[in-house]
S.K.: 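Mind having a look at this structure? Questions to follow.
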Number of protein chains: 2
Amino acid sequence: MKLNCKSQMISLNGKLYPCTTSITMDIIGGKWKSVILYHLKDGTLRYNELRKSMPVVTERTLSLQLKQLEKDGVVYRKEYSGKPPLRVEYSLTDLGQTLVPLLEMISAWGDTLAEAGGEVVSNR
Amino acid sequence: MKLNCKSQMISLNGKLYPCTTSITMDIIGGKWKSVILYHLKDGTLRYNELRKSMPVVTERTLSLQLKQLEKDGVVYRKEYSGKPPLRVEYSLTDLGQTLVPLLEMISAWGDTLAEAGGEVVSNR
DNA sequence: CGGTATCCTCGAAGATACTG
DNA sequence: CAGTATCTTCGAGGATACCG
C-alpha cells in the first residue's frame, strides 16, 4: 500500500507522523544530521575526523546526533577497543547507504542556491 | 565553483552554513515545512484546504511556516481581496517547483520505511 | 582519544482566544 | 475565511568542565 499523506497518521517505532516526508525528516532533519551523513557518504570516519570536518559543532551535540543516527539504523559505530587511545569509526549502514542519492540531491539543491547568491566566508 | 562542505562556511542571505545540505534543510526542514510543500506540489491550495490536509498542525504554526516558505521564495501567496469572505491561495513558485523531485524522494524514502514497519493509525 | 556530566539558552511549536 | 495575539511548554543545541 502506498501512503499518501492525506488526512491520516502513520505510526512507526512508537512515533506518530502526519506524512511520509515527516518520517525521513525526523531521521535526517535537525541542524546537524544531514551534515554528518553527508560527510560519511564517502566512507568511514573516526570521531575526531568528523569533528575536524565540522568545526562549529560541539562535542556533546556531535555525540548526541551520532547516537540518534545509530539508533535509527543509518549509522554504524565500530569500536576498536584495545588500551587507550580509543579508536571508534563511524560509517553508513546499508539503510544509510540508501540515503546517499537523497543526500546528494539535498546538497545539490543547496549548492545551486549558494552559487546564485552565496559566498564562502572562512577556511576554518 | 562547486562547494564541498569541507571545513569552510558559506554565507547566504545573512546566515552562515557549514554545508550546502544545511542550506536546503534550513528551507525545507523543521516539523512542518516539508509536509506543506508536499501538499502544494500537486497544485494550488487555499489556507483552509491546507489545514484540513494537516489536521494536527495549529493555525498559528501553519501561518508562521507559510510565511517563512514565502520569504525563502519557494511558496507564493495570492490574495483575492474582495469583501470578506477572504480568499487566499498558496502555490509553489518556480524555485519551489525545483524542489518537487526532492520532496518526492524524501517521501518515497519514508514510505519504504513505513511499508516495512509502519501502520496507518487514524483517518482524521 | 572519544567521549560524559551539568547547566543553560533560545527558538520552535502548541493552546487558546480573538479579529478584519 | 484567513488569519493574529498572548502566553506557555518543551527540547534541541550550546558552553564548559571533566573522565576512562
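What you see is a predicted model, and the numbers here were worked out from it, not measured in a lab. Note on naming: letters A, B, ... go to the chains in the order of the sequence lines (proteins, then strands), and numbering restarts at 1 for each one.
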S.K.: Rounded to the nearest Å, what distance is computed from the CG atom of residue A/Asp26 to the C1' atom of nucleotide D/dG11?
M.R.: 13 Å
S.K.: Side chain of A/Trp32 only, heavy atoms from C-beta on: which candidate in C/dG2, D/dC1, D/dG13 is closest?
M.R.: D/dG13
S.K.: Let me know the distance between CE of B/Met25 and P of D/dG13, rounded to the nearest Å.
M.R.: 11 Å
S.K.: Whole Å only: how far is the CG atom of B/Leu50 from the P atom of D/dC1?
M.R.: 14 Å
S.K.: Verify, without hydrogens or angle tests, whether B/Ser22 (side chain) and B/Tyr17 (backbone) share a donor-acceptor contact under 3.5 angstrom.
M.R.: no
S.K.: What is the minimum heavy-atom distance between A/Val100 and A/Leu92, and which atoms define it?
M.R.: CG2-CD1, 3.8 Å
S.K.: Between the main-chain N or O of A/Leu103 and the side-chain N or O of A/Ser107, is there a donor-acceptor pair closer than 3.5 Å?
M.R.: no
S.K.: I want to verify a distance call: between D/dG3, D/dC1, C/dA13, whose nearest atom is closest to the B/Thr61 side chain?
M.R.: C/dA13
S.K.: Looking at every strand, decide which applies to A/Arg60 at a 4.0 Å heavy-atom threshold: base, sugar-phosphate, or nothing.
M.R.: base
S.K.: Verify the contact: side-chain N or O of B/Arg77 to OP1 or OP2 of D/dG3, cut-off strictly under 4.0 Å; return yes or no.
M.R.: yes
S.K.: Within the 4.0 Å heavy-atom criterion, would you say B/Tyr90 contacts the bases, only the backbone, or no part of the nucleic acid?
M.R.: sugar-phosphate
S.K.: What is the distance, rounded to the nearest whole Å, between atom CD of A/Glu79 and atom C1' of C/dT4?
M.R.: 14 Å
S.K.: Figure out the CD1/C1' separation between B/Ile36 and D/dA2, and round it to whole Å.
M.R.: 15 Å
S.K.: Pull out every residue in residues 62-71 of chain B that has a heavy atom closer than 4.0 Å to any atom of DNA chain D, ordered by number, or say none.
M.R.: B/Ser63, B/Lys67
S.K.: In whole angstrom, give the distance that lies between atom NZ of A/Lys31 and atom P of D/dA12.
M.R.: 14 Å
S.K.: B/Lys52 and B/Glu49: side chain to side chain contact (heavy atoms under 4.5 Å, CB included), yes or no, with the steps?
M.R.: CA-CA 5 Å; B/Lys52 282 169 201 155; B/Glu49 294 176 311; 5.9 Å; no
S.K.: Please state how far atom CE in A/Met54 lies from atom P in D/dG13, giving the value in whole angstrom units.
M.R.: 11 Å
S.K.: Specify the residue among B/Val88 and A/Thr58 whose closest nucleotide of DNA chain D lies further upstream toward the 5′ end.
M.R.: B/Val88
S.K.: Under 3.5 Å, side chain of B/Thr24 to main-chain N/O of A/Gly110, donor-acceptor pair present?
M.R.: yes
S.K.: Taking only side-chain nitrogens and oxygens of A/Lys33, does any of them come within less than 4.0 Å of OP1 or OP2 of D/dA12?
M.R.: no
S.K.: Strictly distance-based, threshold 3.5 Å: is any side-chain N or O of A/Thr112 a donor or acceptor partner for the main-chain N or O of A/Ala108?
M.R.: yes
S.K.: Tell me the interatomic distance from A/Lys78, atom NZ, to C/dG2, atom P, rounded to whole angstroms.
M.R.: 15 Å
S.K.: Let's see if you can work this out: which of D/dG3, C/dG3, C/dG14 has an atom nearest to the side-chain heavy atoms of B/Glu59?
M.R.: D/dG3
S.K.: Can you identify which nucleotide, out of C/dG2, D/dG14, D/dG3, has its nearest atom closest to the B/Tyr47 side chain?
M.R.: D/dG3
S.K.: If we only count heavy atoms from C-beta on, is the A/Val56 to A/Trp32 side-chain gap below 4.5 Å?
M.R.: yes
